[in-house]
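Below is one structure, written out as structure tokens; the observations come after it.
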Protein chains: 2
Amino acid sequence: MPKRVDHAERRTEIAKALVRVASHRGLHAVGMRDVAAEAGVSLRLVQYYFETKEKLLLYGLQHLVERFAERVAARSRAAGDDRGPRAMIEALLMASLPTDEESRAFHLVYTSYAVLAVTDQALAAQPFIWNPDAAEDTLTELLRQAQEADLVQPGVDVQLEAVSLLAMSAGLGTSVLVGQRSPQSAATVLNHHLDRIFQTSGNGSLTQQARE
Amino acid sequence: MPKRVDHAERRTEIAKALVRVASHRGLHAVGMRDVAAEAGVSLRLVQYYFETKEKLLLYGLQHLVERFAERVAARSRAAGDDRGPRAMIEALLMASLPTDEESRAFHLVYTSYAVLAVTDQALAAQPFIWNPDAAEDTLTELLRQAQEADLVQPGVDVQLEAVSLLAMSAGLGTSVLVGQRSPQSAATVLNHHLDRIFQTSGNGSLTQQARE
DNA sequence: ACCGACGTGGTACGTTCGTACCACGAAGAT
DNA sequence: ATCTTCGTGGTACGAACGTACCACGTCGGT
């Protein structure tokens with residue numbers, strides 16, 4: 001029965017199983033047996049495609065980041081160039097919020113990896129994966145474009161606002177994850193700051209020192 | 001030799017050992033034997049004062065939160081009422097940043113607990129510990145006082161800004177923790193937003209649409 | 001002066017984990 | 001048609017973990 005099988009596809013499926021069980025029982029609690037059972041294969045198979053647990057975890061992180069990048073890209077494309085850079089930024093930030101179950105799982109597992117990487121050097125030394133500067137650069141560039149199109153308030157430091165928005169998004173995301181805050185509430189906060197940064201378009205609002 | 005010993009003190013010392021080893025090897029990797037060795041006592045002793053590992057972890061979290069509350073209170077008192085509410089808020093936010101080794105350890109272990117609590121119900125059901133709304137209320141109240149003293153810009157939503165500052169502080173703290181950002185950089189970002197919220201005092205700055 | 005509880009040590013038990021080992025059927029290569 | 005490699009299963013092993021058990025000295029109470 002052993003037809004030649006696609007290794008990459010199999011590894012991906014196992015990695016998906018890893019993320020699934022990690023999102024249910026916590027990354028610290030995943031064993032190779034759990035992953036095998038979740039993927040519907042034998043323990044030996046997991047051993048076969050990933051020789052060691054460390055490699056399995058590494059690939060799991062890689063898979064996770066790729067899936068997330070695709071998700072963000074899809075959302076950005078959906079709210080694409082037709083509705084301007086603000087819509088794009090909004091989509092980018094909202095995609096980072098743990099709203100549905102998929103992004104909840106992503107946030108949880110990714111944060112687990114991040115915490116793990118502080119004490120585990122094998123995880124910390126992943127240059128291509130651990131690249132959060134990319135998000136910062138992307139957001140900064142989007143804000144800069146908006147600035148050149150005269151869409152943002154004068155005197156705004158785009159780099160600093162990009163960092164602020166991302167930090168806020170991360171912090172709010174964690175709050176939502178632990179159940180302290182609702183996704184809607186987090187979205188409201190982020191939108192408020194976008195209102196502050198961007199030129200008021202149509203309706204004036206809270207942050208404006210309303211001259212009336 | 002067994003003189004009557006202070007249980008609370010002993011438990012505290014063991015909890016401190018727990019936090020210490022958790023900050024070095026990661027919370028997921030701490031065993032009772034490690035804690036015992038770090039505290040300089042026998043495994044049996046750890047068993048004696050905390051019957052089970054779960055209780056040890058719970059007490060460790062409690063200890064961690066108390067120590068942090070003391071730390072923040074001390075800093076707030078140090079930059080106390082003499083320099084106004086802004087200095088107090090600044091101290092509160094800066095104390096939450098992982099600058100020295102102690103606050104680095106706190107951030108790491110606390111985040112580990114938070115991540116753990118998402119999948120572990122025994123940890124999630126800790127009502128008195130898991131109270132981050134307290135920080136939000138405190139900060140909101142401080143901002144409201146400042147607002148009544150005419151120290152903040154008009155039209156500022158203090159509740160929303162409190163949430164924003166805390167979320168930013170948390171997000172920046174994580175960035176600093178994983179080595180992506182320097183503590184100084186994070187402090188700069190936070191100070192920028194305090195400048196934005198508070199009335200300009202003395203030197204005008206970036207966010208002001210400088211009327212000159 | 002006795003006695004029961006306290007503080008402490010050592011160690012053994014059962015489980016679970018990651019990994020290694022052995023076996024075997026089925027396909028592609030020669 | 002044979003042979004080597006690939007995919008797969010089952011299982012065993014050593015280590016580490018949390019917990020339970022047993023033993024012993026030393027205080028406080030009466």
Side-chain angles (χ1 to χ4, degrees), chain A residues 1-61 109 112-113 116 119-123, chain B residues 1-61 109 112-113 116 119-123:
Chain A
M1 218 177 288
K3 54 190 172 205
R4 222 41 149 259
V5 95
D6 185 1
H7 271 222
E9 184 182 346
R10 194 75 83 128
R11 285 164 64 94
T12 298
E13 203 164 338
I14 294 178
K16 278 164 65 177
L18 163 66
V19 173
R20 231 176 299 138
V21 56
S23 71
H24 289 138
R25 290 203 274 272
L27 186 61
H28 69 284
V30 300
M32 314 207 73
R33 287 169 176 84
D34 304 293
V35 176
E38 176 72 26
V41 298
S42 75
L43 168 62
R44 183 63 182 84
L45 261 277
V46 181
Q47 267 192 279
Y48 182 70
Y49 290 105
F50 307 89
E51 277 127 52
T52 175
K53 186 188 183 181
E54 189 177 48
K55 293 181 183 174
L56 171 61
L57 287 176
L58 255 36
Y59 189 84
L61 174 57
V109 182
S112 303
Y113 271 112
L116 220 58
T119 47
D120 187 74
Q121 57 169 357
L123 229 50
Chain B
M1 220 175 286
K3 53 191 171 205
R4 224 41 150 257
V5 95
D6 185 2
H7 272 222
E9 184 182 346
R10 194 76 82 126
R11 286 164 65 93
T12 298
E13 202 164 338
I14 295 179
K16 278 164 66 178
L18 163 66
V19 173
R20 229 175 300 137
V21 56
S23 71
H24 290 138
R25 288 205 275 273
L27 186 61
H28 69 284
V30 300
M32 314 207 72
R33 287 168 175 84
D34 304 293
V35 176
E38 176 71 27
V41 299
S42 75
L43 167 63
R44 182 63 183 85
L45 260 281
V46 181
Q47 267 193 279
Y48 182 70
Y49 290 105
F50 307 89
E51 277 127 51
T52 174
K53 186 188 183 182
E54 189 178 49
K55 295 181 182 173
L56 171 61
L57 287 177
L58 256 35
Y59 190 84
L61 174 58
V109 182
S112 302
Y113 271 112
L116 220 57
T119 47
D120 188 78
Q121 55 169 358
L123 228 51

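Hydrogens, waters and symmetry mates are skipped; everything else that's a heavy atom, side chains included, is used. Numbered from 1 within each chain, the chains take letters A, B, ... in sequence-line order.
Residue A:T52 places none of its side-chain N or O atoms closer than 4.0 Å to OP1 or OP2 of C:dG18. Between D:dG7 and A:Y48, a contact under 4.0 Å exists linking OP1 or OP2 to a side-chain N or O. For the pair B:S42 and C:dT8, the criterion of a side-chain N or O lying under 4.0 Å from OP1 or OP2 is not met. Put simply, A:H7 has a side-chain N or O that comes within less than 4.0 Å of OP1 or OP2 on D:dG7. Contact annotation: A:Y49 side-chain N/O to D:dT8 OP1/OP2 distance is under 4.0 Å.
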Hey, mind stepping through B:V41 and B:Y49 against side chain to side chain contact (heavy atoms under 4.5 Å, CB included) and telling me if it holds? CA-CA 11 Å; B:V41 299; B:Y49 290 105; over 6 Å; no

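Relative to the side chain of A:V5, the nucleotides C:dC17, D:dT19, D:dG7 differ in distance, and D:dG7 lies closest. With D:dC21, C:dT19, D:dT19 as the candidates, the nucleotide lying closest to the side chain of B:R44 is D:dC21. Of the candidate nucleotides C:dA20, D:dT19, D:dG7, D:dT19 has the atom nearest to the side chain of B:L43.
The distance between atom CZ of A:R4 and atom P of D:dT4, rounded to the nearest whole Å, is 16 Å. Regarding B:Q47, its CD atom lies at a distance of 11 Å from the C1' atom of C:dT11, rounded to whole Å. In this structure, the CG atom of A:D34 is 10 Å from the C1' atom of C:dT16, given to the nearest Å. One atom, CG of A:L18, and another, C1' of C:dG18, lie 15 Å apart when rounded to the nearest Å. Atom CG in A:L45 sits about 12 Å away from atom C1' in D:dG10, given to the nearest Å. Between B:M32 atom CE and C:dA12 atom P the separation is 20 Å, expressed in whole Å. Atom CG of B:D6 is separated from atom P of C:dT8 by 12 Å (rounded to the nearest Å). D:dT19 atom C1' lies 12 Å from atom CD of B:E51, rounded to whole Å.
B:V30 comes within contact range of the sugar-phosphate backbone alone, with a heavy-atom separation under 4.0 Å but no base atom that close. Counting non-hydrogen atoms under 4.0 angstrom, A:F50 reaches nothing in the nucleic acid.
Taking each heavy atom of B:G60 and B:A15 in turn, the nearest pair found is CA-CB, 4.4 Å.
Contact of A:R33 with C:dG18 (side chain to base): a donor-acceptor pair of N or O atoms is detected under 3.5 Å.
By the 30° and 60° cut-offs, the orientation of the rings of B:F50 relative to B:Y59 is tilted.
Each of A:T12, A:V19, A:I14 was evaluated against A:K16; a single residue qualifies, A:T12, per the side chain to side chain contact (heavy atoms under 4.5 Å, CB included) test.
Looking at heavy atoms from C-beta onward, A:R10 lies out of side-chain contact with A:D6 at the 4.5 angstrom threshold.
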